[in-house]
K.L.:
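Okay, here's the structure, questions in a sec.
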Amino acid sequence: MARAHAAALGAAATSAQADADAAGSLARSAATAKTGPSASVAPAKSPADVHRSQEDEVPYLILFMTYASYVGLIVIGYVRDLFGQLFKREEYGTEAGFAPLVNGKEDFYTRRMYQRIQDCWARPICSTPGAWIDVVMRRASRDRKTLCSTNARAHCLNLGSYNYLGYGEIPGGVNDVVYDAMHNFGIGVPAPALGACQSAAVTSLERTVAEFLGKEAAVVSGMGFATNAQLIPALVGPGCVILSDALNHSSIVVGARLSGARIRVFAHNDAHSLEAELREAIVEGQPHSGEPWNKILIIVEGVYSMEGEVCELAEIVAVKKKYGAYLYLDEAHSIGALGATGRGVTEYAGVNPADVDILMGTFTKSFGAVGGYIASDQCVIDRVRYTAAGCVNTYPMSPVCARHVEWVFHQLDDRDRSGIGGAKIKSLRDNSIYFRQRLEEMGLLIYGDYDSPVIPIMLFQPGKIAAFSRECLKRQVAVVVVGFPATPLILSRARICISAAHTREDLDMAIEVFDEVSELLQIKYRRKLGASASSSSSSRITDHSKVEACVRNERLAPPSRAEQVAARNDNHALVEAAGNESSSPAYQKAASMALSAPYQRRSTKANGAMEELDHHEIHGDKSPDCVGFEHRLCNGVCRSVSVSDTMTLRA
């Protein structure tokens with residue numbers, strides 16, 4: 001069957017050729033495609049190469065200072081350990097007859113690096129997680145091993161939580177249906193759904209999710225992380241292969257490992273790397289036996305929470321269709337936050353939801369609640385419901401949260417005719433674009449895509465991780481800073497999350513604080529890049545039809561990566577060009593939107609991506625040896641637990 005896959009891939013192979021010859025021909029062709037000058041498929045990148053393009057943007061002086069900072073911390077840490085072992089043996093030694101509780105290297109990192117700045121994380125709050133929060137101030141012990149809460153409180157602007165649409169606010173984010181559900185259904189159901197019963201509120205939510213996403217059915221989980229970690233093993237198992245993006249969330253990593261399936265990693269958001277890995281997987285087949293894979297599942301995210309990047313879904317769907325693979329899309333950060341009606345990256349990219357076999361999302365971001373969902377065909381959902389550990393052995397979602405989430409879906413779908421849902425989506429997009437533009441004008445080096453509510457500000461050096469967080473907190477701005485191991489060693493950052501609940505005054509206040517802190521810490525790296533960050537074009541948006549199309553909210557494909565990079569480099573020139581051409585408010589508003597997203601019509605983008613591939617094609621049809629997705633998933637083989645170290649853990 002694996003050889004049949006290979007024969008289907010090789011257009012030059014005829015039915016009279018032997019299976020082995022077809023497989024060998026494909027292997028040689030694949031090798032030629034990787035090395036030939038006219039190859040359309042780039043060689044597969046290893047996970048270590050994922051951030052190389054980002055590192056190339058960083059000046060060498062900053063790289064040198066970052067590495068020097070870590071070297072200095074390590075040297076000082078080992079010197080302190082040496083003196084500690086000489087003069088404080090009771091603290092550094094292990095009692096006779098007992099084994100060490102921790103690994104030496106991990107313990108060193110915790111003691112000498114993390115504990116020095118641990119006050120920057122897990123800050124307790126004593127208010128609703130809205131646009132403004134009350135942060136409980138803490139005091140470190142003398143040895144800095146523990147933090148003690150104080151009576152002091154800081155009222156801070158919240159730029160750290162995923163309250164994208166502002167439904168974490170009270171009042172405003174919670175409706176009376178929540179209180180009605182508490183009186184009618186209680187707080188929770190103290191038994192697994194299959195063992196006792198499932199609340200009618202949860203059942204109604206599952207129907208609403210399926211209708212909103214255009215799928216036959218959906219199943220709801222009580223925990224967002226567990227939606228991936230516990231439900232993916234019900235979809236694939238031994239004899240299957242998972243193609244996973246190198247920067248997928250740790251919940252996907254855990255679920256993939258627990259499934260027992262073979263895991264292959266492709267370079268982040270790279271359809272060419274995905275195709276190269278997919279080709280190789282099909283040619284090689286299962287380890288040892290060479291038998292065909294039972295299922296080939298591609299797993300990607302809609303918005304990558306640490307990078308702020310939007311998935312290149314159109315290109316990935318093109319590869320998926322070409323080889324008859326199945327696609328699992330994690331929309332934890334994109335559902336509600338992207339698309340004209342909040343339907344996520346499928347709507348944003350103009351991709352038919354039917355082309356994505358499984359849609360996954362969580363209610364912990366845009367919905368301000370708890371839990372997650374998987375939506376697919378009825379047969380797939382039935383199998384997940386009756387076999388996944390997250391459905392069989394865990395307690396269902398609270399009816400109170402279920403009613404709240406369903407109310408949010410109704411607002412996004414404008415069933416209440418209030419227009420509130422659409423206004424929140426528009427406000428989130430406007431806030432994200434405005435804030436990103438102001439940060440770039442300030443000279444900060446930021447990553448991610450326009451329209452993404454996640455905006456990473458690059459800090460690089462370890463000392464600036466803590467300094468940025470502490471200085472912002474002093475000025476009543478709460479931010480999240482991220483370092484190793486959640487990011488590569490030299491790509492430390494502050495992750496800013498924008499909300500529809502933020503007012504323009506809130507954002508301007510944050511801009512003033514960031515400007516002051518960035519001058520203090522010297523992190524305006526775009527300014528240091530000089531000419532590379534200057535404007536390269538002053539006439540990028542001059543077509544009135546494109547601007548008016550933005551006003552009419554036509555379905556336009558998102559900008560390519562090159563278009564976005566070019567747009568980032570010429571914002572000031574675009575403002576001047578657009579402002580001089582028309583004085584109408586509608587035109588100026590649309591031009592401002594177009595600065596961040598130079599949309600162009602690309603209705604044949606997916607087809608073009610397929611045409612660029614070489615002659616080994618299936619022309620969009622699944623291999624004859626592939627059976628229906630529902631049948632394959634509903635009749636999957638047994639699963640076992642195995643650990644694969646081939647995926648990059650994302651904390």
Side-chain angles (χ1 to χ4, degrees), residues 124-134 136 158 161-213 217-227 230-231 332 335-337 342 360-375 381 385 388 390-421 423-424 499-501:
I125 66 172
C126 55
S127 65
T128 58
W132 288 80
I133 55 177
D134 293 330
V136 178
N158 181 13
S161 64
Y162 304 128
N163 185 30
Y164 295 143
L165 294 181
Y167 283 106
E169 304 285 333
I170 298 178
V174 177
N175 189 266
D176 290 340
V177 297
V178 172
Y179 305 107
D180 294 340
M182 183 172 59
H183 290 296
N184 296 331
F185 299 102
I187 299 298
V189 180
L194 294 183
C197 60
Q198 178 165 283
S199 170
V202 176
T203 302
S204 178
L205 173 60
E206 291 178 344
R207 288 195 299 267
T208 300
V209 171
E211 293 173 2
F212 186 82
L213 299 176
V219 61
V220 168
S221 172
M223 179 181 176
F225 189 97
T227 306
Q230 297 182 358
L231 271 58
I335 187 67
M360 175 270 174
T362 65
F363 305 130
T364 55
K365 281 80 176 178
S366 296
F367 299 86
V370 67
Y373 67 85
I374 279 182
I381 297 303
R385 190 186 305 277
C391 297
V392 176
N393 301 320
T394 59
Y395 293 88
M397 176 188 289
S398 167
V400 177
C401 292
R403 277 287 189 250
H404 168 74
V405 173
E406 187 173 19
W407 170 71
V408 174
F409 272 117
H410 289 170
Q411 279 206 337
L412 296 180
D413 216 14
D414 202 25
R415 296 187 185 183
D416 57 0
R417 304 297 181 185
S418 64
I420 295 177
K424 285 179 176 289
S499 171

K.L.:
In Å and rounded to the nearest 0.5 Å, what is the CG to CD1 distance from Asp414 to Ile420?
P.N.:
9.5 Å

K.L.:
At their closest point, which heavy atom of Gly166 faces which heavy atom of Ala501, and how far apart are they?
P.N.:
CA-CB, 4.0 Å

K.L.:
So, are Glu211 and Arg415 salt-bridged, with charged N and O less than 4.0 Å apart?
P.N.:
yes

K.L.:
Using the ring of each side chain (for Trp, its six-membered ring), is Phe367 parallel, tilted or perpendicular to Phe409, with breaks at 30° and 60°?
P.N.:
tilted

K.L.:
Judged by atom type as modelled, is there a donor-acceptor pair below 3.5 Å linking the side chain of Asp134 to the main-chain atoms of Ile125?
P.N.:
no

K.L.:
Any non-hydrogen side-chain atom of Gln230 less than 4.5 Å from a side-chain atom of Thr394?
P.N.:
yes

K.L.:
Check whether any side-chain heavy atom of Val177 sits under 4.5 Å from a side-chain heavy atom of His404, and report yes or no.
P.N.:
no

K.L.:
Rounded to the nearest 0.5 Å, what's the gap from OG1 on Thr362 to NZ on Lys365? Could you check?
P.N.:
3.5 Å

K.L.:
Under the criterion side-chain contact (heavy atoms from CB on, under 4.5 Å), I'd like the reasoning laid out for Ile133 against Thr128: C-alpha separation, chi angles, the key distance, then a yes or no.
P.N.:
CA-CA 7 Å; Ile133 55 177; Thr128 58; over 6 Å; no

K.L.:
Is the shortest heavy-atom distance from the side chain of Asp416 to the side chain of Gln411 under 4.5 Å?
P.N.:
yes

K.L.:
For the residue pair Tyr164 and Ser499, establish whether any side-chain heavy-atom pair is separated by less than 4.5 Å.
P.N.:
no

K.L.:
Please name the pair of heavy atoms, one in Ser366 and one in Tyr167, separated by the smallest distance, quoted to 0.1 Å.
P.N.:
O-CD1, 3.4 Å

K.L.:
Kindly indicate whether the side chain of Asp413, heavy atoms from C-beta on, has any atom under 4.5 Å from the side chain of Phe212.
P.N.:
yes

K.L.:
Begin with the C-alpha distance, continue with both residues' side-chain angles, and end with the deciding distance and a verdict on side-chain contact (heavy atoms from CB on, under 4.5 Å) for Thr227 and Met360.
P.N.:
CA-CA 8 Å; Thr227 306; Met360 175 270 174; 3.8 Å; yes

K.L.:
Does Cys391 form a side-chain contact (heavy atoms from CB on, under 4.5 Å) with Val219? I'd like the steps, not just the answer.
P.N.:
CA-CA 9 Å; Cys391 297; Val219 61; 3.8 Å; yes

K.L.:
Give the minimum heavy-atom separation between Pro399 and Ala181, together with the two atoms involved.
P.N.:
O-CB, 4.0 Å

K.L.:
Quick check against the 3.5 Å criterion: does Lys424 have a side-chain atom that pairs as donor or acceptor with the backbone of Ala500?
P.N.:
no

K.L.:
Would you check if Val220 and Val405 make a side-chain contact, meaning some heavy-atom pair closer than 4.5 Å?
P.N.:
no

K.L.:
Applying ring-ring contact (aromatic ring centres under 6.0 Å, His included), can you list everything that pairs with Tyr373, at least two apart in sequence or on another chain?
P.N.:
Phe363

K.L.:
Is there a side-chain contact between Glu169 and Asn163, using heavy atoms and a 4.5 Å cut-off?
P.N.:
yes

K.L.:
Look only at the side chain of Thr364 and the backbone of Val370, and say whether a donor-acceptor pair between them is shorter than 3.5 Å.
P.N.:
no

K.L.:
Determine yes or no for a side-chain-to-main-chain donor-acceptor pair under 3.5 angstrom, with Thr208 supplying the side chain and Ser204 the backbone.
P.N.:
yes

K.L.:
Could you walk me through whether Met182 and Val178 pass the side-chain contact (heavy atoms from CB on, under 4.5 Å) check?
P.N.:
CA-CA 6 Å; Met182 183 172 59; Val178 172; 5.9 Å; no

K.L.:
Using a 4.5 Å cut-off on heavy atoms from C-beta on, say whether the side chain of Ile381 contacts that of Ile374.
P.N.:
yes

